[in-house]
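The structure presented is a predicted model; accordingly, all values stated were derived computationally and were not measured.
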Amino acid sequence: GDFAFVAGSDLKVFDISDPTGPIKVAEIDEYGASSGIHLKEDLAFITWHYEGLAVVDVSDPHAPAIIATAPTAGNFPDDLFVDGDVAYVADSWDGVQVFDVSDPTAPVIIASIPMPDHSNTVTVEDGLAYAGSGHGNQGWLKILDVSDPSAPRQVGQLDTPGEAVGVALAPGRAYVADGPSGLRVID
């Protein structure tokens with residue numbers, strides 16, 4: 001599209017129809033630090049420190065509007081991934097929080113997944129969630145069966161020497177951004 005939505009100290013919307021000269025067209029600085037964003041149709045799901053999960057109507061990129069917020073268990077949600085009507089939030093020291101977002105105006109926590117350390121990232125594909133946690137010199141990648149999102153169950157775990165701060169998936173592989181330990185490729 002012609003717009004970029006950027007989470008950071010707030011939510012910024014840029015018109016990028018001319019990639020050589022992006023123009024900021026809107027901003028929401030309602031809650032302070034935001035760190036994760038996932039777009040789904042006309043909605044932006046955002047993690048906001050101290051606030052939790054926010055749902056923003058971006059059908060008019062020039063006038064985004066917060067339509068819901070829902071607290072998470074912790075104060076510092078980092079990353080999130082939306083799969084259908086379910087949002088998975090990497091919630092810092094409080095694991096991964098699973099939200100039913102079938103009614104985006106009223107997100108509800110339906111499960112909580114404990115993590116061995118600071119929960120940094122989560123991504124979902126084909127009924128499996130890949131959640132990274134850790135800090136310093138120890139990290140983990142948990143693989144969870146989320147075919148029933150209200151009852152996730154662990155099906156695998158891999159220790160990493162770093163922080164497991166990001167996960168990207170490709171057919172048959174997981175790429176783990178492992179903080180100071182670099183990139184891990186997992187078959």
Side-chain angles (χ1 to χ4, degrees), residues 1-110 118-126 129-133 146 149 163-170 174-177 179 183:
D2 289 337
F3 295 94
F5 299 86
V6 180
S9 61
D10 48 20
L11 172 66
K12 291 182 176 73
V13 183
F14 292 90
D15 179 333
I16 55 170
S17 55
D18 175 4
T20 64
I23 300 168
K24 183 172 76 170
V25 297
E27 181 174 6
I28 295 178
D29 60 3
E30 190 84 11
Y31 300 116
S34 61
S35 56
I37 186 168
H38 190 104
L39 297 174
K40 179 185 174 195
E41 299 166 7
D42 287 339
L43 299 173
F45 294 83
I46 301 169
T47 55
W48 248 302
H49 289 183
Y50 301 109
E51 193 61 34
L53 175 65
V55 185
V56 179
D57 180 340
V58 293
S59 56
D60 178 357
H62 294 92
I66 297 169
I67 60 171
T69 59
T72 58
N75 286 328
F76 295 101
D78 288 321
D79 190 22
L80 80 156
F81 191 91
V82 179
D83 185 41
D85 288 335
V86 180
Y88 300 84
V89 176
D91 196 18
S92 186
W93 298 105
D94 293 284
V96 175
Q97 308 302 314
V98 184
F99 285 84
D100 177 340
V101 293
S102 56
D103 177 356
T105 65
V108 175
I109 290 180
I110 57 173
H118 186 273
S119 184
N120 299 314
T121 187
V122 63
T123 191
V124 179
E125 185 175 283
D126 297 330
Y130 300 81
S133 71
V146 292
E163 299 177 4
V165 294
V167 178
L169 303 175
Y175 297 89
V176 178
L183 178 68

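Not counting sequence neighbours, the partners of V58 by the side-chain contact (heavy atoms from CB on, under 4.5 Å) test are F5, A44, V56, P64. Residues that satisfy the side-chain contact (heavy atoms from CB on, under 4.5 Å) test with A63, not counting sequence neighbours, are D60.
V86 places none of its side-chain heavy atoms less than 4.5 Å from the side chain of V124. Under the 4.5 Å side-chain criterion, counting only non-hydrogen atoms from C-beta, V82 is not in contact with F99. H118 is listed as a side-chain neighbour of S92, based on a closest heavy-atom distance under 4.5 Å. Side-chain contact between W48 and T69: absent, with no pair of heavy atoms (C-beta onward) separated by less than 4.5 Å. Here the side chains of L43 and I67 are in contact, with some heavy-atom distance below 4.5 Å. Counting heavy atoms from C-beta outward, P77 and L53 have side chains that stay 4.5 Å or more apart.
Without hydrogens or angle criteria, T47 side chain to G36 main chain gives a donor-acceptor distance under 3.5 Å. The closest donor-acceptor contact from the side chain of D94 to the backbone of T72 lies at 3.5 Å or more, if one exists at all.
Separating the CG atom in D91 from the CD atom in Q97 is a distance of 4.5 Å, to the nearest 0.5 Å. Separation of atoms CG (D57) and OG1 (T105) is listed at 11.5 Å; rounding is to 0.5 Å. Taken from CD1 in I28 to NZ in K12, the straight-line distance is 11.5 Å, to the nearest 0.5 Å. Atom CG of residue L11 and atom CG of residue D29 lie 10.0 Å apart, to the nearest 0.5 angstrom. Atom CG of L169 and atom OG1 of T123 lie 5.0 Å apart (nearest 0.5 Å). Rounding to the nearest 0.5 Å places OG1 of T121 at 9.0 Å from CG of D78.
Of all the heavy atoms in V122 and D79, the pair that sits closest is N-OD2, 3.2 Å. Residues A90 and N120 come closest through the heavy atom pair CB-C, 3.7 Å. When every heavy atom of P61 is checked against every heavy atom of V25, the shortest pair comes out as O-CG2, 4.0 Å. Listed here is the closest heavy atom pair of A68 and P107: CB-CD, 3.7 Å. Shortest non-hydrogen contact noted between P22 and T20 is CD-C, 3.7 Å. In terms of heavy-atom proximity, A131 sits nearest to V96 at CB-CG2, 4.0 Å.
Counting only residues at least two apart or in different chains, ring pair (Phe, Tyr, Trp, His ring centres under 6.0 Å) contacts with residues 50-71 comprise F3-H62, Y50-F76.
Aromatic pair F81/H38: ring centres closer than 6.0 Å.
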